[in-house]
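All values derive from a computational prediction rather than experimental measurement.
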Amino acid sequence: MKTTGIYFLVFLFGAGVYPIIEITTRGYTHWSMMLTGGAAFLSFYIINKHTANISKFIKSFYGMFSVTALELTVGLIVNKFFNMNVWDYSGMKFNLFGQISLAFSACWYMISFISFCILDIADFILSELKFSIQQRRGLALEQK
């Protein structure tokens with residue numbers, strides 16, 4: 001499958017899972033969180049592919065910074081520019097413009113770690129499936 005198709009599937013997965021996480025933890029979500037969740041999971045995928053030899057603990061810091069930057073960007077656009085008031089962390093300690101907070105960055109670290117585990121498992125399953133398909137093709141060619 002071409003890279004664009006894989007990126008699209010990864011984005012869709014994140015766009016579907018993140019609103020479920022929000023509904024489970026917060027009780028509601030917003031359509032912008034589908035886009036943000038898709039972009040976040042896609043960033044995890046890209047980080048995972050380009051840092052294959054780095055531990056998940058370090059990768060998770062990259063993921064945390066990526067999602068925190070994404071959250072700040074989306075928050076400034078959606079909450080400050082368009083006044084949609086999707087979230088507001090201004091009542092929390094260590095927040096920036098009410099859009100990001102240190103406490104949620106810690107959550108993004110944990111979510112990043114879990115996401116990298118999921119991506120590694122999916123990559124393993126897909127590589128085994130690809131190997132199995134290639135093996136079957138080889139047997140079919142031998143039988144001809």
Side-chain angles (χ1 to χ4, degrees), residues 1-140:
M1 185 181 283
K2 293 182 179 179
T3 304
T4 305
I6 292 170
Y7 284 179
F8 183 68
L9 289 175
V10 169
F11 179 88
L12 284 179
F13 180 81
V17 170
Y18 187 72
I20 293 169
I21 293 170
E22 267 211 324
I23 290 169
T24 304
T25 58
R26 253 173 54 157
Y28 63 95
T29 192
H30 186 265
W31 63 266
S32 63
M33 295 298 93
M34 289 178 66
L35 300 176
T36 307
F41 200 70
L42 183 56
S43 77
F44 296 154
Y45 178 80
I46 292 168
I47 290 166
N48 204 39
K49 286 296 178 189
H50 293 309
T51 59
N53 297 326
I54 297 175
S55 78
K56 283 182 189 55
F57 296 105
I58 302 298
K59 285 183 194 184
S60 297
F61 277 108
Y62 295 155
M64 175 188 75
F65 290 124
S66 173
V67 176
T68 300
L70 186 60
E71 185 179 35
L72 177 61
T73 303
V74 171
L76 290 173
I77 295 167
V78 171
N79 294 328
K80 297 296 185 183
F81 186 75
F82 288 114
N83 295 315
M84 293 179 150
N85 301 316
V86 178
W87 72 87
D88 183 5
Y89 301 148
S90 59
M92 299 177 74
K93 289 183 180 182
F94 308 111
N95 78 81
L96 181 63
F97 310 124
Q99 301 310 301
I100 59 173
S101 77
L102 190 58
F104 277 97
S105 288
C107 291
W108 302 140
Y109 179 88
M110 307 248 286
I111 290 172
S112 297
F113 188 87
I114 293 166
S115 296
F116 290 129
C117 291
I118 290 169
L119 286 166
D120 285 346
I121 291 167
D123 192 41
F124 175 77
I125 291 169
L126 291 174
S127 66
E128 288 296 313
L129 181 63
K130 183 178 177 183
F131 176 75
S132 176
I133 291 169
Q134 288 173 344
Q135 201 174 29
R136 285 183 193 161
R137 283 184 185 154
L139 288 174

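Side chains of Trp31 and Met84 form a contact here, defined as non-hydrogen atoms less than 4.5 Å apart. No side-chain heavy atom of Ile125 sits less than 4.5 Å from a side-chain heavy atom of Glu128.
In this structure, the side-chain hydrogen bond (donor to acceptor under 3.5 Å, both in side chains) partners of Ser90, at least two apart in sequence or on a different chain, are Asp88. Looking at residues two or more places apart in sequence or on another chain, you find a salt bridge (Lys or Arg N to Asp or Glu O under 4.0 Å) between Lys56 and Asp120. Under the ring-ring contact (aromatic ring centres under 6.0 Å, His included) criterion, Phe82 pairs with no residue, sequence neighbours left out. With sequence neighbours excluded, the residues satisfying salt bridge (Lys or Arg N to Asp or Glu O under 4.0 Å) with Asp123 are Lys49. For Leu76, the side-chain contact (heavy atoms from CB on, under 4.5 Å) partners two or more places apart in sequence, or in a different chain, are Leu72, Lys80, Phe97, Gln99. Judged as a side-chain contact (heavy atoms from CB on, under 4.5 Å), and not counting sequence neighbours, the contacts of Thr51 are Ile47, Ile54, Lys59, Tyr62. The side-chain hydrogen bond (donor to acceptor under 3.5 Å, both in side chains) check on Trp87 picks up nothing, with sequence neighbours excluded. Residues that satisfy the ring-ring contact (aromatic ring centres under 6.0 Å, His included) test with Phe61, not counting sequence neighbours, are Tyr109. Scored by the ring-ring contact (aromatic ring centres under 6.0 Å, His included) test, Phe11 finds no partners at all (sequence neighbours excluded). Taking the side-chain contact (heavy atoms from CB on, under 4.5 Å) definition, one finds that Ser43 meets it with Ser66, sequence neighbours left out. Partners of Asn95 by side-chain contact (heavy atoms from CB on, under 4.5 Å), not counting sequence neighbours, listed by chain and number: Tyr89, Ser101.
Taken to the nearest 0.5 Å, the CG atom of Leu70 stands 10.0 Å off from the CG atom of Leu35. Here the CZ-OG distance, from Phe41 to Ser112, works out to 10.5 Å after rounding to the nearest 0.5 Å. Taken to the nearest 0.5 Å, the CZ atom of Phe44 stands 12.0 Å off from the SG atom of Cys117. For the atom pair CD1 (Ile118) and CZ (Phe13), the distance works out to 5.5 Å, reported to the nearest 0.5 Å. If you take CG on Leu42 and CZ on Phe8, they are separated by 11.5 Å, rounding to the nearest 0.5 Å. Interatomic distance, CD1 of Ile58 versus CG of Asn53, reported as 13.5 Å (0.5 Å rounding).
Atom CE of Met92 sits in a crowded spot, with more than 12 heavy atoms from other residues, nucleotides or ligands closer than 6.0 Å.
Of all heavy-atom pairs between Asn48 and Leu119, the closest is ND2-CB, 3.5 Å. In terms of heavy-atom proximity, Ile100 sits nearest to Glu71 at CG2-OE1, 3.7 Å.
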Taking distance alone, no hydrogens or angles, what donor-acceptor pairs closer than 3.5 Å link side-chain atoms of residues 15-24 to residues at least two apart or in another chain?
unit_1 : atom_1 : unit_2 : atom_2 : d
Glu22  : OE1    : Thr29  : OG1    : 2.6
Thr24  : OG1    : Ile20  : O      : 2.7

